[in-house]
Amino acid sequence: MSQPPKRVALLISGGGSNMVALAQSMTGDHPARPVLVLSNDPAAKGLARAAEMGIPTAAVEHRPFKGDRAAFEAALLEPLLAAEPDVICLAGFMRILTGAFTGRFAGRMLNIHPSLLPKYPGLHTHQRALDAGDTEAGCSVHEVIADLDAGPLLGQARVPVLAGDDADSLAARVLVQEHRLYPAVLRRFVAGDRTPVIL
Ligand code: GRF
């Protein structure tokens with residue numbers, strides 16, 4: 001008897017292009033389906049894109065919590081647990097999560113980061129790669145642990161840094177690879193395979 005599809009919740013903060021790439025990949029014989037797109041910003045453009053795709057959405061605005069992460073996360077857990085996800089994908093989700101939250105979903109929460117980790121955790125990854133004179137850049141998908149942009153690597157994709165690149169042109173080249181890498185990693189991960197995808 002065939003297994004019910006794995007339930008995937010997607011957390012976003014902005015436009016949601018990675019969320020769309022993931023959701024579009026979860027069709028046909030894919031062993032998973034998106035069950036929720038959740039944002040910390042009710043105005044995030046990705047919420048409307050998810051609704052257009054027929055995926056349930058929810059938003060928990062972080063600002064009213066004035067930096068009280070535990071209280072914000074307690075509110076975030078309500079729609080998240082109600083969706084009963086097997087796997088959680090952070091897809092352009094820009095809030096730093098506490099160890100209590102990441103520990104609760106240990107081994108089943110993924111994140112995409114626009115650098116070749118362990119290089120450049122945190123923000124402004126493309127400008128830092130340019131400032132360092134790197135000849136290549138890229139993106140990484142990893143399991144989420146308490147340490148920011150750390151955790152076991154599940155995939156990486158590399159792009160060349162070209163003459164005349166600025167942070168925007170490099171980010172655009174990396175984003176194309178993000179949209180290939182994250183769906184490839186998710187498909188393997190929900191099948192129980194943690195072998196890194198290298199593009
Ligand atoms: C992406 O580069 C992602 O790696 C980073 O935020 C950017 C926005 O992505 N975390 P999206 O279009 O909102 O998915």
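Read the numbers this way: they start at 1 and go in the same order the structure lists the ligands and their atoms.
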With the side chain counted from C-beta on, respond yes when T135 and V161 share a heavy-atom pair under 4.5 Å apart, and no when they do not. no
Taken to the nearest 0.5 Å, the spacing of E143 CD from F189 CZ works out to 5.0 Å
the protein heavy atom lying closest to atom 10 (N) of ligand 1 turns out to be G92 CA, 3.7 Å
(message) Determine whether H179 and S17 satisfy the following criterion, side chain to side chain donor-acceptor pair (under 3.5 Å), listing intermediate values before the conclusion.
(response) CA-CA 8 Å; H179 298 162; S17 70; 2.7 Å; yes
Taking distance alone, with no angle check, do L175 and ligand 1 share an N/O pair under 3.5 Å?
no
Side-chain donor or acceptor of R188 paired with backbone N/O of P196 under 3.5 Å:
yes
Item checked: Side-chain heavy atoms of L38 within contact of T57, under 4.5 Å -> no
Does the protein put any heavy atom within less than 4.0 Å of atom 7 (C) of ligand 1? no
The atoms of ligand 1 lying under 4.0 Å from a heavy atom of G15, numbered in the order shown, are 13 (O)
protein heavy-atom neighbour closest to atom 4 (O) of ligand 1 works out as E178 OE1, 2.7 Å
Among P114, A91, S13, closest by heavy atom to atom 5 (C) of ligand 1 is P114
Looking only at protein heavy atoms, what sits closest to atom 14 (O) of ligand 1 is N18 N, 2.9 Å
Exactly one candidate in L154, D149, V185 meets side-chain contact (heavy atoms from CB on, under 4.5 Å) with H142; the answer is D149
**Asked** Does an N or O anywhere in S17 fall below 3.5 Å from an N or O of ligand 1?
**Response** yes
Minimal heavy-atom distance between I12 and A44, with the atoms involved, is CD1-CB, 4.5 Å
heavy-atom search around atom 13 (O) of ligand 1 in the protein gives G16 N, 3.0 Å
